[in-house]
Amino acid sequence: MPLHRGDSEAPDDKGDRRRLAVNPFYGEANPAGGMTQAPPRHRLPDSPLPPSTAYQLVHDELMLDGNSRLNLATFVTTWMEPQAGVLMGECRDKNMIDKDEYPRTAELEKRCVAMLADLWNAPDPSTAVGCSTTGSSEACMLAGMALKRRWARRNADRYPGARPNLVMGVNVQVCWDKFCNFWEVEPRLVPMEGERFHLDPQAAAELCDENTVGVVGILGSTFDGSYEPIAQLCAALDALQERTGLDVPVHVDGASGAMVAPFLDEDLIWDFRLPRVASINTSGHKYGLVYPGVGWALWRDRESLPEELVFRVNYLGGDMPTFALNFSRPGAQVVAQYYSFLRLGREGYRAVQQASREVAGKVAGAVEELGDFRLLTRGDQLPVFAFTTAPDVTAYDVFDVSRRLREKGWLVPAYTFPPNREDLSVLRVVCRNGFSEDLAELFVEDLGRVLPELRRQPHPLTRDKGAATGFHH
Ligand SMILES: *Cc1c(COP(=O)(O)O)cnc(C)c1O
């Protein structure tokens, strides 16, 4: 959540901005007779409104939100079948934590964990452990905590003097910066170099020492959709262990890719088949194809998740072990995940992800053909590609493109890369289920249409680069 200040209007602004405008038509529904009083915006109203009036006011305000189908910035699911919506509606009162009251919801969560353990090739799916979360961020916090606790156990004699560190590419999603900040772990970042926009296995191994709790590998990178070389990372850490005795576990942040690679890249070895991979997370609400609010964290076996991090509470009845940062949480998203698994199966997921990747490849090719752009990735790993302006384009930059596309309704973020490629600014297109070939064609046409004017600019125009665009993870 953004951190909101209580009242965003200026304190001396006592005019209309501080009250909601009520259409006289709505006022007629006021059962108390007379016109409905305009309710204040930033204070709890003194008296109730009729439900129809309240509904209209909220509904009208939300009309100006964007059209999610034209949002090429987000990875998060924006369309599910009506049946999924019905199931979610049926479960909106169910609290995920209340496993004694809702044992069937708990059972569906358990089945999802088992399906993922199987999908990710856990050596023994019956001893793999896992849980649902609110998203990948919470899942990464839990996985990071498990790594940190295992390190603390190994270093019981050195602790608390030593400072733990976590090794990862500079391209990690912000949740890993949060993890390091909140849990006081030193982030050790492998920078980008040249045309390498994610972690280098050898460089990662060189950053490890006896206080490294683990290395994070990303499948795939938020910045450009590329898969990090997980198997090579594990091999580099195997070599490190042979040389130094250091045994550093790997966590795979598969927020997007852990629901893509198993279906489209079966020959890619990135998961629990690699003995060094201790845990994996994914976002059920990204390529897991569920509306926002669900993620998953899995550990290869019980040893990888220290038992003392798991809590049992008995005050809701029952005694189910849980591992989570929060307590109460809706059950609907977990039910929707189970629905999607059941509904699509492996073949269905393969078909849906394949379609997204084909669209990504076609759009990337069409963007390249426009002649003004250089592709950094082609959408052949995650169905996501990043591109920048060609070297001879000087009249405009990626921020101008983002701004002009927004005028056409398309949300395409532009952003600068992290060290050591801060010189590089890119645009990124995320192709999700629902971004059809037809929409993709319209997008490329619109992109082509803004170019003639952009080429006539005297120089890049977007001053407030931050406001022009949003980098949506
Ligand atoms: C999106 C993303 C996250 C955060 O996931 P949420 O489900 O939005 O919390 C973490 N890591 C990567 C690589 C991501 O793409």
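For reference, positions follow the sequence shown, starting with 1. Worth saying up front: this structure is predicted, and the values here are computed from it rather than measured. Read the numbers this way: they start at 1 and go in the same order the structure lists the ligands and their atoms.
Classified by interplanar angle (parallel below 30°, tilted 30° to 60°, perpendicular above 60°), the ring pair Y349/F263 is parallel. Aromatic ring orientation, W183 versus F179: parallel (interplanar angle below 30°, classes split at 30° and 60°).
Judged purely by atom type and a 3.5 angstrom limit, R432 uses its side chain to pair as donor or acceptor with the backbone of T74.
In the model, S132 has a side-chain atom that pairs as donor or acceptor with a side-chain atom of R329 under 3.5 Å. Between the side chains of Q83 and R343, no donor-acceptor pair of N or O atoms lies under 3.5 Å.
Residue S136 touches ligand 1 through backbone and side chain together, judged by heavy-atom distances below 4.0 Å. With a 4.0 Å cut-off on non-hydrogen atoms, E138 does not touch ligand 1 at all. Contacts between S137 and ligand 1, counted as non-hydrogen atom pairs separated by less than 4.0 Å, involve both the backbone and the side chain.
A salt bridge links R378 to E368: one of the charged nitrogens lies within less than 4.0 Å of a carboxylate oxygen.
Under a 4.0 angstrom heavy-atom cut-off, C140 registers as lying outside contact with ligand 1. Using a non-hydrogen distance threshold of 4.0 Å, H285 registers as a contact of ligand 1.
Residue C175 approaches ligand 1 through these ligand atoms, each under 4.0 Å from one of its heavy atoms: 10 (C). Remark: ligand 1 atoms within the under-4.0 Å shell around heavy atoms of S283 are 5 (O), 6 (P), 7 (O).
The N/O atoms of K286, backbone and side chain alike, include one that comes under 3.5 Å of an N/O atom in ligand 1.
Side-chain contact between F399 and S425 is present, with heavy atoms from C-beta onward closer than 4.5 Å.
Of the listed residues (N171, D253, I218), the one carrying the non-hydrogen atom nearest atom 10 (C) of ligand 1 is D253.
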